[in-house]
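When a ligand or atom number is given, it counts from 1 through the structure's own listing order.
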Amino acid sequence: MLFVAVFLIGILPLIVYSLVISSNLKTYFKESKEKELLYEANKVAVSIQKNNYLFDNKLRGQFIEEIDQKSEEEGFRIIVVDSLGVAVADTNRSAVGKMCVVPEILVALDGKDDANLRESEGVVYASAYIENDFSQKTGVVLLVMSFDEVNSLLEELNHNWLTVTVIISVILVFIAFFITQAIFVPLNNILTTIQRISNGQLHNRLEVQGHNELSQVADAINIMTQQLEHVDTARAEFVSNVSHELKTPLSSIKVLSESLLLQEDMPVEMYREFMQDINSEVDRMTNIINDLLSLVKLDYREEGVLNIEDTDLSELVASIVKRINPLAAKKNIGLFLDNNKDVMIEADGMKLTLALSNLVENAVKYTPDGGTVTVTVDADHQNAYFTVKDTGIGISPEEQTKIFNRFYRVDKTRDRETGGTGLGLAITHSTVMMHNGSIKVVSAEGEGAAFIVRLPIKYQGVRANES
Ligand code: ADP
C-alpha cells in the first residue's frame, strides 16, 4: 500500500506535468508559427504593393527569386494570385497559370479582409491581400505551411518525455521500495514485539538500530517493557513473600493444634502453653496483615492520597517517644528526645506517626539492654530533620541497601524474638517518599545505627483534603 502510494505520489506529478507541457508547447508552437506566417504574408503583400512586382515583367523575375529564397529558408510555400484568382507566382511552380480556389483567396478577392488564417488537416493557410493605390484589391498572397515538421518535433519531444518518465518510474520503484523497507520492516518488528509483550512475554526487546524517530520509539518501548518486567517480577516476588510469611505462622498453628487434638490426656498447663503459642502466632499474622494493609494503602500512589495538615512535628515526635518509653524502660534503654525548636510542617500526621514510630521502635528493638536511643528534631528554613540514633547492633553497608525492601530482615532467626515483619522500614520509606522527603541510614555493624529523615516544611504535592 505504502509502496503504491509513494510510487504514485512520485509519478503522478510527472505525468500531469508532461501532459500539460506537451499541450502547451503544441499551442505555443502553432500560435507562433501562425503569427509568423501571417506576418510574412503581409510583408510579401506590402512589398508587391510597393514595388509593383506583379505587373512589371522586369521586376517579376527578381521577385520570384526573392520568394523562392524565402520559401526555401522558412519552409513554407508562397502563392501569389491576381484579382481573377489565377496564380501568377508559386514557389512550387505547379499552380502558376491555374485558377486557385481556396477560401482565403475567394474571401480576400471578395473585398473582405477576414479569414486570413485557416488550419486544415495539419496545414496552415495564411493570406494577405494586395491593394493598389486606389485601395482596390489586386491580388492575394497565400502562404501555405504544413505542420508536419512541428508535429514531428512535438512527437519527438513526447517520445523523449516518455523515455524520461519510464526512467524516473524505474528510479521511483526503487526509491519506493527502499522507503517502504526502511519504514515497514522496523514498524512490523515493533508491532510483533508489542503483540508479544501484550501476550505477557515481557522479556522481549526490540533491536535498536541507527538514530532516528523509529529507533527512539523502539528505545522508549524497550524502557517501558523493562519497567513492566520489573513491576511484574516485583509483584511475583511480593506475592511469594507474603505467602511465605503467612505460611510460617500457619504451619506452627497447624502443628500446635494437631498436637492438642491428638493428645488426649494433656495436662492443663501444657494445653495452656500450646494455646499461648497459637495465640502469639495469630498475633504475628495479624501484625503482618496490618502492615501489609498499610503498605497497600501507601502503594496507591494516586494524587491526593495524603491528608496534609499543619502538623506540629515536635509534638508528634514527643508523643511517639512517650509511647515507646515503657518498651525502652523494659530493656533498660535510655530513650532521649533532643528538640529545642518548635517545628511545624505540612504533613499527613497519622501516616507520619506510623512511619517515624517504626524507626524508634526498631532502634529500641535492635539495641541490646542498657543502650541508648536518641531522637532529634531539627529544621532549617526549607526542611525538617528527624534523626534516631542508637547504640545497637548496627547494619553492615551491604544490608543498608536492602533493609527498605519489603520483608527484608537482616537476621531472620531473630523474628520470633523481636516480632518483626520486615515491612516496617518499607512503610517508613514509602511514607517519606510520598511527602517528597528522603531517608538515609548511617551505620556500621556493631556500632549502632542512625536513621535520618528529611521532610519538606511546605508540602509540594496534591492533598486528599483538597480534592
Ligand atoms: P522488622 O519488622 O524486621 O524490624 P523493618 O523493615 O523495620 O522490619 O527492618 C528491616 C530490617 O532492618 C530489620 O530486620 C533489621 O535487621 C534491620 N534494622 C532496622 N532498624 C535497625 C536498627 N536500628 N539497627 C539495626 N538493624 C536495624
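Contact annotation for Glu399 and ligand 1: no heavy atom of the residue comes within less than 4.0 Å of the ligand. Contacts between Asp390 and ligand 1, counted as non-hydrogen atom pairs separated by less than 4.0 Å, involve the side chain only. For Phe451, every heavy-atom contact with ligand 1 shorter than 4.0 Å involves the side chain, none the backbone.
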For the pair Lys33 and Glu36, evaluate salt bridge (Lys or Arg N to Asp or Glu O under 4.0 Å) and give the outcome as yes or no after the intermediate values.
-> CA-CA 5 Å; Lys33 266 290 171 215; Glu36 192 190 325; 3.5 Å; yes

Chi angles and distances behind the salt bridge (Lys or Arg N to Asp or Glu O under 4.0 Å) call for Glu245, Arg406 | CA-CA 11 Å; Glu245 293 299 323; Arg406 290 161 189 203; over 6 Å; no

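Ligand 1 has an N or O atom lying under 3.5 Å from an N or O atom of Leu425, backbone or side chain. Note: no N/O pair closer than 3.5 Å links Ile395 and ligand 1 by distance alone. Considering both main-chain and side-chain atoms, Arg409 never comes within under 3.5 Å of ligand 1 through any nitrogen or oxygen pair. Considering backbone and side-chain atoms together, Gly422 places an N or O closer than 3.5 Å to an N or O of ligand 1.
Screening Asn287, Leu292, Asn358 against Leu423 for a side-chain contact (heavy atoms from CB on, under 4.5 Å) leaves a single residue, Leu292. When each of Val343, Asn339, Leu337, Val388 is checked for a side-chain contact (heavy atoms from CB on, under 4.5 Å) with Val317, only Leu337 meets the rule.
Residue contacts with ligand 1 include Gly394, since one or more of its heavy atoms lies under 4.0 Å from the ligand. Judged by the shortest distance from any of its heavy atoms, Lys365 lies inside the 4.0 Å radius around the atoms of ligand 1. The shortest separation from a heavy atom of Thr421 to ligand 1 is under 4.0 Å, placing the residue in contact.
Heavy atoms of other residues, nucleotides or ligands lying less than 6.0 angstrom from CD of Glu445 number 12 at most. Surrounding CD of Glu315 are at most 12 heavy atoms belonging to other residues, nucleotides or ligands under 6.0 Å away. Enclosure of atom CD in Glu72 is not indicated, since only 12 or fewer non-hydrogen atoms of other residues, nucleotides or ligands lie within 6.0 angstrom.
For ligand 1, the atoms closer than 4.0 angstrom to any heavy atom of Tyr408 are 10 (C), 11 (C). Atoms of ligand 1 found under 4.0 Å from any heavy atom of Gly424, numbered from 1 in the order shown, are 5 (P), 6 (O), 7 (O).
Note on ring orientation: taking the six-membered ring where Trp is involved, the planes of Phe404 and Phe451 are perpendicular (angle over 60°, cut-offs 30° and 60°).
The residues Arg323 and Glu361 are annotated as salt-bridged, a charged nitrogen and a carboxylate oxygen being separated by less than 4.0 angstrom.
Looking at Phe404, Tyr366, Phe407 and measuring to atom 27 (C) of ligand 1, the nearest heavy atom belongs to Tyr366.
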